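Reminder, nothing fancy here: chain letters follow the sequence lines and each chain counts from 1. All values reported here derive from a predicted model rather than from experimental measurement.
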Amino acid sequence: MELKQSARPNLSVTVAGMELKNPVMPASGCFGWGEEYARFFDLTDMGALVGKAVTPRPRPGNAGVRIVETPSGMLNAIGLQNPGPEAFLRDVLPRVRELGIPVWVNVSANALQEYVDLCGLLSSQPGVSAIELNLSCPNVGRGHAEFCVTPEAVMDTVSACRPVCRTHLIPKLSPNTTDITALARAAEAAGADALSMINTFVGMVIDIDKRRPVLGNRTGGMSGPAVRPIAVRMVYEVAGAVSIPIIGIGGISTWRDALEFLMAGATAVQVGTASFFNPRAIPEVIQGLETWMVDHGVANIREVIGAARVPTGG
Amino acid sequence: MELKQSARPNLSVTVAGMELKNPVMPASGCFGWGEEYARFFDLTDMGALVGKAVTPRPRPGNAGVRIVETPSGMLNAIGLQNPGPEAFLRDVLPRVRELGIPVWVNVSANALQEYVDLCGLLSSQPGVSAIELNLSCPNVGRGHAEFCVTPEAVMDTVSACRPVCRTHLIPKLSPNTTDITALARAAEAAGADALSMINTFVGMVIDIDKRRPVLGNRTGGMSGPAVRPIAVRMVYEVAGAVSIPIIGIGGISTWRDALEFLMAGATAVQVGTASFFNPRAIPEVIQGLETWMVDHGVANIREVIGAARVPTGG
Amino acid sequence: MPEAIELLHAEVLDHHEVAPDHWVITLDAPEIAAGARPGQFVMVRGIQGTDPLLPRALSIYHADVEGGCIELLYRVVGPGTTRLQEHEPGRRVAVWGPLGSQFRLPEGDRVVLVGGGVGVPPLVFWAERLAALSVPMEVIALIGAQSESSLVGIDRLRRARANVRIATDDGSQGRKGYVTDLLPQAVQSARATIYACGPTPMLKAVARLGKTLETPTELALEAPMACGVGACLGCTVPRREGGFARVCTEGPVFDRDSIDWETL
Amino acid sequence: MPEAIELLHAEVLDHHEVAPDHWVITLDAPEIAAGARPGQFVMVRGIQGTDPLLPRALSIYHADVEGGCIELLYRVVGPGTTRLQEHEPGRRVAVWGPLGSQFRLPEGDRVVLVGGGVGVPPLVFWAERLAALSVPMEVIALIGAQSESSLVGIDRLRRARANVRIATDDGSQGRKGYVTDLLPQAVQSARATIYACGPTPMLKAVARLGKTLETPTELALEAPMACGVGACLGCTVPRREGGFARVCTEGPVFDRDSIDWETL
Ligand SMILES: Cc1cc2nc3c(=O)[nH]c(=O)nc-3n(C[C@H](O)[C@H](O)[C@H](O)COP(=O)(O)OP(=O)(O)OC[C@H]3O[C@@H](n4cnc5c(N)ncnc54)[C@H](O)[C@@H]3O)c2cc1C
Ligand SMILES: Cc1cc2nc3c(=O)[nH]c(=O)nc-3n(C[C@H](O)[C@H](O)[C@H](O)COP(=O)(O)OP(=O)(O)OC[C@H]3O[C@@H](n4cnc5c(N)ncnc54)[C@H](O)[C@@H]3O)c2cc1C
Ligand SMILES: Cc1cc2nc3c(=O)[nH]c(=O)nc-3n(C[C@H](O)[C@H](O)[C@H](O)COP(=O)(O)O)c2cc1C
Ligand SMILES: Cc1cc2nc3c(=O)[nH]c(=O)nc-3n(C[C@H](O)[C@H](O)[C@H](O)COP(=O)(O)O)c2cc1C
Ligand code: FES
Ligand code: FES
């Protein structure tokens with residue numbers, strides 16, 4: 001294992017024309033708008049900032065227990081607590097723009113028109129580099145139905161948002177589906193610039209003493225290392241089905257995990273739950289990738305994207 | 001916490017007319033045909049014996065790496081290694097019949113007619129108490145397609161097997177689907193006596209040094225504690241959608257886990273991966289349930305089935 | 001720039017059992033010790049493995065600024081605390097803090113501490129810091145436990161010159177019954193301030209009594225936490241004015257009137 | 001009735017580092033010690049938590065029948081061995097065994113042991129048992145390691161009167177190169193039997209040489225394992241006659257000719 005040269009390796013990637021200085025960013029809802037983690041590291045070290053979901057109106061979030069730990073994972077039923085678009089534009093955006101790294105805004109809604117309106121409003125704001133369209137939110141009522149777990153629904157929503165979206169449009173897919181490649185192809189056909197995948201799995205923990213579900217909302221979204229192998233498989237499958245870039249998400253907590261997603265075909269990755277149990281997870285992933293590249297003589301991170309993909313039939 | 005009485009609690013349950021002395025049995029493929037675990041405990045303590053899959057013809061199984069550990073779980077790509085129906089009937093069935101507990105035979109195939117033929121053959125053998133129809137096997141080729149992840153396919157397969165099946169017919173559902181209640185309803189409508197759920201999630205681990213998937217088969221089935229919250233949620237949902245009994249499966253390793261599934265609405269449970277990391281997992285689950293019942297004055301285990309179910313809208 | 005939080009892989013300097021299943025762990029954490037205020041907590045986690053996954057919140061029991069170490073007192077109740085207990089001296093744990101709000105100085109000259117179970121640690125730290133103040137203060141500590149064997153921190157409270165009164169569920173020490181039964185008398189005829197920490201039902205009772213007795217009351221709450229730093233929004237409790245407050249950030253110490261106790 | 005396997009929560013009696021990252025753990029396990037045969041292994045797992053989930057296979061390094069304990073020698077390479085290493089004396093681990101096949105007695109009067117890396121432990125146990133036989137036997141042990149610092153078990157081999165020859169990758173001790181380079185000379189002009197354990201590439205080379213030298217050869221294989229007892233079918237290797245053999249049950253010790261080395 002000879003070091004090719006000791007020059008700093010190039011970690012930059014391009015996601016749908018957007019240049020990121022490295023492929024690592026936080027996952028929506030797992031990093032606030034960065035203010036808490038600014039106390040642990042320099043936010044400008046990240047490839048981009050992805051904030052928590054903005055919904056058409058302010059949402060107080062769910063009552064009762066909102067999180068519960070599971071084996072190597074957790075369930076959350078936060079209920080998209082957020083102050084709404086006005087407060088976001090007034091209090092948050094001006095501050096995070098100042099960071100000088102791309103800012104992605106995650107948009108969640110309950111109805112098609114709401115997605116369209118919100119997308120139109122937020123995508124035209126200077127400082128918003130991309131709209132991440134949260135097509136999956138199991139925690140906002142309507143029984144267990146999710147907004148977009150069928151290709152038709154994904155197609156409709158992305159098609160409707162595309163014309164009004166003045167910036168990059170990145171649908172975020174739900175894994176609670178039979179064939180994730182069908183959702184991905186629908187999103188691509190509807191004009192998506194990239195895909196974020198995956199969101200959380202719907203899960204439940206029962207309190208055997210109280211004889212009822214632990215979470216106030218009964219079910220919650222499962223995230224964390226436990227789900228990583230399913231997420232890697234989905235990224236691997238989708239990388240073979242579409243040609244737009246993929247942002248890999250699900251259980252990434254170390255640089256090794258990030259490499260798995262990149263080698264499966266992701267162009268960038270998001271770190272979610274890991275920030276909760278290691279507030280420095282994101283900078284450690286970035287640093288770890290860089291060290292690995294130096295140790296393995298990899299000059300450009302783009303070399304490893306899709307490196308583990310075996311030709312079909314192989 | 002007063003003990004109601006010190007009489008031994010009643011752990012027996014009825015699954016589709018079949019009386020089980022307790023609701024705990026091994027999951028298919030995780031217990032051989034019991035011979036290995038007979039060295040750790042008395043097999044007749046179990047509610048039933050569920051053996052590994054029988055396929056239309058002998059199968060050698062997959063080449064290359066077959067298992068890999070994941071956070072709180074594992075992937076397997078065994079490839080349904082089994083000696084085929086003739087060897088099963090000759091070498092295995094006569095021995096396991098002697099145990100005197102119900103014997104369930106798990107049946108896997110690649111084509112509808114194969115299911116029908118095998119089901120007809122095996123279900124008419126004395127000593128076979130139930131056919132567990134494995135409608136999900138991600139590890140036997142044909143890319144990543146699974147046999148029965150749509151309600152239509154489940155309906156077709158169960159409908160075709162029902163007339164030829166001379167004993168209880170228990171389809172085992174795949175979790176790799178958008179709406180598990182739709183699969184469950186299809187199976188019920190087609191005449192299933194009960195439902196086993198769930199089988200494994202399709203997952204992948206990438207070896208970052210070799211830059212390729214660890215498993216010879218690339219993908220494998222994820223099982224173990226990691227998947228439990230998703231399995232509990234699915235059982236909870238299906239218990240509200242069908243009226244046939246459910247056998248809960250997925251990450252059960254302690255009596256607490258088993259109680260979660262029972263309270264979610266399962267009538268019985270299967271212990272899979274846990275036997276690998278604790279060979280006495282099954283007897284410990286049974287003993288733990290009994291102790292819990294004594295401690296909580298629960299005379300009959302049937303009292304707790306569905307106990308955590310909250311009326312919809314609540 | 002917001003204040004930095006220290007994230008350390010801190011060495012375990014000492015770890016011993018102080019009562020059945022109750023342990024005191026001492027961590028080498030100078031920066032945390034220096035900033036620690038009574039009522040605040042840290043998040044602690046073993047470094048290896050992903051089960052248990054999440055860090056656990058533990059109140060600061062003692063901060064030795066000069067020695068550069070902090071003490072935490074915890075009860076082994078589940079996987080997180082079981083895992084922590086396995087860390088023998090010489091090993092390291094991930095720890096970050098100090099986190100959350102602190103007890104505010106009392107207005108009058110009498111302080112009534114009300115602690116139940118493992119709610120005692122932050123009150124001990126508070127009593128020690130109050131004793132170190134130049135202003136003379138009467139400190140009454142009402143301590144509740146299931147039974148004598150799970151009483152912890154009593155010696156330290158006494159050393160901090162607190163007047164300790166005990167209630168146990170089984171009457172094995174002190175008064176048999178709830179610690180809140182001792183409250184009215186302790187508050188009586190004085191400009192007292194109540195500081196409470198313990199199980200939620202106890203806190204509800206204290207908040208109610210504090211209101212009845214018209215006594216300023218601060219309560220340190222618990223909630224399931226993922227991040228401990230304000231990011232996950234998992235630890236919320238309902239606010240009286242509507243919406244939710246994060247126990248890890250706006251709390252754990254809340255003023256009696258800021259919480260909607262009925263909905264909690 | 002098949003033979004029973006002991007499943008114990010065994011106390012760690014001793015645990016010490018014998019070389020950088022190489023540890024010897026002694027477990028109180030009388031039933032396992034009594035039944036243990038060279039080549040066999042046990043499955044070991046921490047009792048708490050589900051990550052790491054699966055038990056790890058470790059060869060029996062020494063079985064003290066009278067003392068009722070077994071020793072395992074392992075290298076810390078990943079999560080399972082890291083977790084094991086955390087178990088200080090007095091703690092317990094889940095352990096079951098003895099498992100798998102054993103080395104069979106040699107036919108001639110010379111025994112050549114070939115061990116690489118952490119393949120040495122079962123060979124040490126075998127050398128000790130061979131030394132205890134009434135039949136005099138010439139035992140040559142060819143031991144390979146990356147460098148001097150990761151050589152383990154050498155003293156024990158010498159104590160068992162083995163003639164130890166060493167090869168290291170970096171030449172820091174013994175011959176520089178592969179341990180298999182030493183094999184032809186050791187086998188030369190004698191009715192020898194080869195017993196090998198180590199990394200798969202080494203075993204392949206030994207199997208090939210054994211064939212060339214027309215020498216009976218037994219090889220202890222490794223494979224990723226879930227159950228260790230034959231149930232999961234996860235640990236299979238291709239058989240020469242077709243199909244697969246389970247390393248945990250038909251192995252870990254296999255005859256040279258039973259394995260399809262090309263496909264492996
Ligand atoms: C701000 C704060 C300060 C704390 N300070 C201390 C302290 O100084 N000493 C101490 O022993 N404990 C303290 N706790 C509680 C401690 O965090 C929990 O006991 C611990 O998380 C339990 O983890 P576990 O995995 O061992 O048990 P778990 O399996 O997580 O829980 C075991 C039992 O405790 C209950 N439980 C778990 N977490 C909490 C929680 N956060 N609040 C209330 N009940 C819970 C569970 O419902 C269950 O019944 C504090 C909690 C908070 C939020
Ligand atoms: C029958 C048998 C006997 C063994 N005896 C010993 C022994 O006496 N001493 C000892 O130190 N080790 C022994 N091993 C190997 C030991 O089981 C592995 O080192 C251990 O499982 C690694 O676990 P881990 O979680 O620490 O590392 P992992 O993260 O699981 O593995 C770390 C590295 O080791 C490789 N690896 C993991 N498991 C195996 C395996 N079973 N075979 C080959 N490579 C593997 C991985 O690919 C990875 O590169 C034996 C294995 C078998 C099957
Ligand atoms: C507490 C919490 C809140 C989340 N909120 C959002 C959200 O607002 N919008 C969204 O698209 N995803 C949300 N997610 C999902 C994450 O962005 C991510 O897709 C998922 O957690 C999987 O990644 P991880 O395993 O790294 O956490 C949330 C996840 C958690 C744990
Ligand atoms: C090694 C292995 C082999 C399996 N083989 C089968 C099988 O042959 N037929 C089947 O229906 N399910 C099979 N399964 C799935 C299990 O029966 C079970 O549904 C799944 O593992 C989830 O349960 P668990 O988490 O308790 O293991 C297998 C699982 C494992 C881990
Ligand atoms: S614990 Fe995450 S916001 Fe409070
Ligand atoms: S490890 Fe399970 S069969 Fe060998």
Top of D/Pro52, D/Gly49, D/Ala94 for chain B proximity - count of heavy-atom pairs under 4.5 angstrom: D/Pro52
Top contributor to chain D interface from B/Pro60, B/Pro279, B/Pro71, B/Gly224 [non-hydrogen pairs under 4.5 Å]: B/Pro279
Residue part contacting chain B, namely of D/Arg239, when any heavy atom lies under 4.5 Å: neither
Chain B contact via D/Pro224 - which portion, at a heavy-atom distance below 4.5 Å: both
Contacting region of B/Ala274 [heavy-atom separation from chain D under 4.5 Å]: neither
B/Glu69 side chain to D/Leu54 backbone, donor-acceptor under 3.5 Å: yes
Proximal component of D/Ala226, with respect to chain B [non-hydrogen, under 4.5 Å]: both
Winner by heavy-atom pair count (cut-off under 4.5 Å) against chain D, out of B/Ser72, B/Gly32, B/Cys30, B/Pro225: B/Ser72
Exceeds 12 heavy-atom contacts within 6.0 angstrom, atom CD of D/Gln146: no
Under-4.0 Å salt bridge between B/Glu36 and D/Arg246: yes
Other residues, nucleotides, ligands: >12 heavy atoms within 6.0 Å of B/Phe41 CZ: yes
Salt-bridge contact D/Arg240-D/Glu262 (side-chain N to carboxylate O under 4.0 Å): no
Ring-face cation of D/Arg129 near D/Phe103 (centre distance under 6.0 Å, axis angle within 45°): no
Under 4.5 Å from any heavy atom of chain B - which part of D/Met43: neither
Pairs of heavy atoms under 4.5 Å with chain B: top-ranked of D/Thr249, D/Leu264, D/Thr50, D/Leu7: D/Thr50
Heavy-atom contact with chain D under 4.5 Å, split by part of B/Ser275: neither
Residues B/Arg95, B/Glu35: salt bridge by 4.0 Å N-O rule: yes
